[in-house]
Amino acid sequence: MSFIAAIAPLNLDLLYSGLPRVPHLGEEVYSKGFSMQVGGGPAGSLIVARKLGLPVRLGTFLSNDNISHIIRGMLDGYNLEYINIYKGEESPIMVTSIASFPEDRYFLTYKPEIVDGNLNFEEAYKILKGAKVCFGFLGNNDLLKQLKKDGTEIIFDTGWNDNLHVDNLKSILKYVSVFTPNDKEALKMTETSNLYDALDTLSKYTECPVITLGEMGCVSKLNKDIIYCPPLKGIKAVDTTGAGDNFLSGIAFGLYNNRPLDECMKIGNIIGGISTTSLGCCSTDITLNKIEALLPEIEVEIISPESLKGISTY
């Protein structure tokens, strides 16, 4: 049986909304809203995919501490298959407090020193073997090479760091089916000044780069065409936490169901957009019927290099 898979640490998000202001040192303020959820990253994307009825498998890091027990209960509630690969005694769960304001968010995070790149090939391959779609990760190129040889479609996302450069990722990107940096990351890693040049450079390293543009949608290059996918209209964002992970779940959903690239992008924008209408990464109710009903509302365009060079999100 095929499935969507990932190996990734888990996050616990403590989300506060309806705050009157940011407190000063020594002060206490009260929020009107609160939610505790599994946080973003590949695990968040798998939860959304599971909500849509897809089979998923997560290799992750859990201990016997109280936070791990809370996370286990949440994963069981989503009927999500997970395999624990952590053998230590410390707490391996990242915990983030998120204070959400209309103009921005504040984060306070505990990050344990858990390194998923230390997995050996056999242990990781046992979890991921047979996946139709897999979320890629740093640290084991031989594993990605084998998965690609097996026919697994690999999605890879990257976070920001000051040393971000496409040359440092080229050994991974050659195995990746869809690479999804945001616009700021794409410009940084390609040392370019506009999205067209960034997209053109990335297309030389990987099969299908998709640059996300936040509330402006996303853009990709297929063969020689530049494909622009606008966002879903009419969205009143409440919280953008996890919007990118929801977008990735849409890409994974599309790939799993053999949808063309432009439709994968549309599904990603739909799920990502809807996710911003409630607090946190995994709280929005999303259904297949809702996705299918909204697909006609987004019209993908083939645009010129000049049009893409003129797009800026910051």
Side-chain angles (χ1 to χ4, degrees), residues 6-20 22-23 28-52 56 58-63 65-80 82 84 86 90-116 135 137 157-160 180 182 212 214-215 235-250 252 268 271-286:
I7 295 178
L10 284 162
N11 307 335
L12 180 66
D13 283 355
L14 309 176
L15 298 124
Y16 299 84
S17 63
L19 289 154
V22 179
E28 181 178 16
V29 297
Y30 296 92
S31 69
K32 294 180 180 179
F34 174 78
S35 180
M36 183 166 61
Q37 301 176 24
V38 177
S45 299
L46 289 188
I47 287 172
V48 177
R50 188 73 192 102
K51 284 184 175 184
L52 295 171
V56 302
L58 173 67
T60 194
F61 305 83
L62 294 162
S63 185
D65 65 306
N66 290 335
I67 298 174
S68 292
H69 286 305
I70 291 171
I71 289 284
R72 279 189 175 93
M74 292 179 172
L75 296 179
D76 290 339
Y78 289 116
N79 194 25
L80 187 147
Y82 59 94
N84 181 39
Y86 179 59
E90 303 297 324
S91 176
I93 308 298
M94 183 184 298
V95 181
T96 300
S97 293
I98 304 170
S100 183
F101 295 87
E103 64 276 10
D104 210 334
R105 296 164 294 160
Y106 290 85
F107 300 86
L108 181 64
T109 298
Y110 161 71
K111 186 178 181 180
E113 294 184 2
I114 304 298
V115 182
D116 51 357
F135 289 92
F137 50 85
D157 190 34
T158 184
W160 174 271
T180 58
N182 65 33
T212 58
E215 62 183 16
I235 294 294
K236 295 182 179 180
V238 172
D239 177 32
T240 59
T241 301
D245 301 309
N246 278 265
F247 174 83
L248 291 177
S249 70
I271 300 177
I274 291 175
S275 76
T276 67
T277 61
S278 64
L279 198 64
C281 179
C282 305
S283 63
T284 306
D285 290 327
I286 186 70

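These numbers come from the heavy atoms of this one structure, side chains and all, not from hydrogens, waters or symmetry mates. Position 1 is the first residue of the sequence, and the numbers go up from there. Only a predicted model underlies this, so the values are computations on that prediction, with no experimental measurement involved.
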Just by modelled atom types, is the [Y] backbone N or O under 3.5 Å from a matching donor or acceptor in the [X] side chain?
X: Q37; Y: L14; result: no
X: N246; Y: S275; result: no
X: T109; Y: T96; result: no
X: T284; Y: I286; result: no
X: T60; Y: N84; result: no
X: K51; Y: C282; result: yes

Side-chain touch [X]/[Y], heavy atoms, less than 4.5 angstrom:
X: L12; Y: I71; value: yes
X: L62; Y: I93; value: yes
X: D13; Y: N11; value: yes
X: Y82; Y: L75; value: yes
X: L52; Y: I271; value: yes
X: L10; Y: M94; value: no
X: V22; Y: Y106; value: yes
X: S17; Y: S31; value: no

- request: Could you check M36 against I70 for side-chain contact (heavy atoms from CB on, under 4.5 Å), going step by step and ending with a plain yes or no?
  value: CA-CA 10 Å; M36 183 166 61; I70 291 171; 4.2 Å; yes
query: Do other residues, nucleotides or ligands put more than 12 heavy atoms under 6.0 Å from the OH atom of Y30?
result: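 No, because the 6.0 Å sphere around OH of Y30 holds 12 heavy atoms or fewer from other groups.
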- prompt: In this structure, are over 12 heavy atoms from other groups packed under 6.0 Å from N66 atom CG?
  reply: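 No.
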side-chain contact (heavy atoms from CB on, under 4.5 Å) between E215 and T240, intermediate numbers included: CA-CA 10 Å; E215 62 183 16; T240 59; over 6 Å; no
Please tabulate, for the side chains in residues 38-50, all donor-acceptor contacts under 3.5 angstrom to protein atoms that are two or more places apart in sequence or on a different chain.
from: S45; atom 1: OG; to: D245; atom 2: O; distance (Å): 2.8
from: R50; atom 1: NE; to: N79; atom 2: O; distance (Å): 2.9
from: R50; atom 1: NH1; to: L54; atom 2: O; distance (Å): 3.2

query: Once you round to the nearest 0.5 Å, how far does OG1 of T212 lie from CZ of F247?
result: 6.5 Å
task: Please round to the nearest 0.5 Å and tell me the distance separating atom CD1 of I98 and atom CG of L279.
output: 8.0 Å
Can you name the nearest heavy-atom pair linking [X] to [Y], along with the distance?
X: S100; Y: D239; value: OG-OD1, 3.7 Å
X: V238; Y: S278; value: CB-N, 4.3 Å
X: Y110; Y: S91; value: OH-O, 3.7 Å
X: Y86; Y: F61; value: CB-CA, 3.7 Å
X: R72; Y: S63; value: NH1-O, 2.7 Å

- request: Walk me through it: do D157 and T180 pass the test side-chain hydrogen bond (donor to acceptor under 3.5 Å, both in side chains)?
  value: CA-CA 5 Å; D157 190 34; T180 58; 3.2 Å; yes
task: Under the ring pair (Phe, Tyr, Trp, His ring centres under 6.0 Å) rule, collect the residues that match up with Y16, sequence neighbours excluded.
output: F34
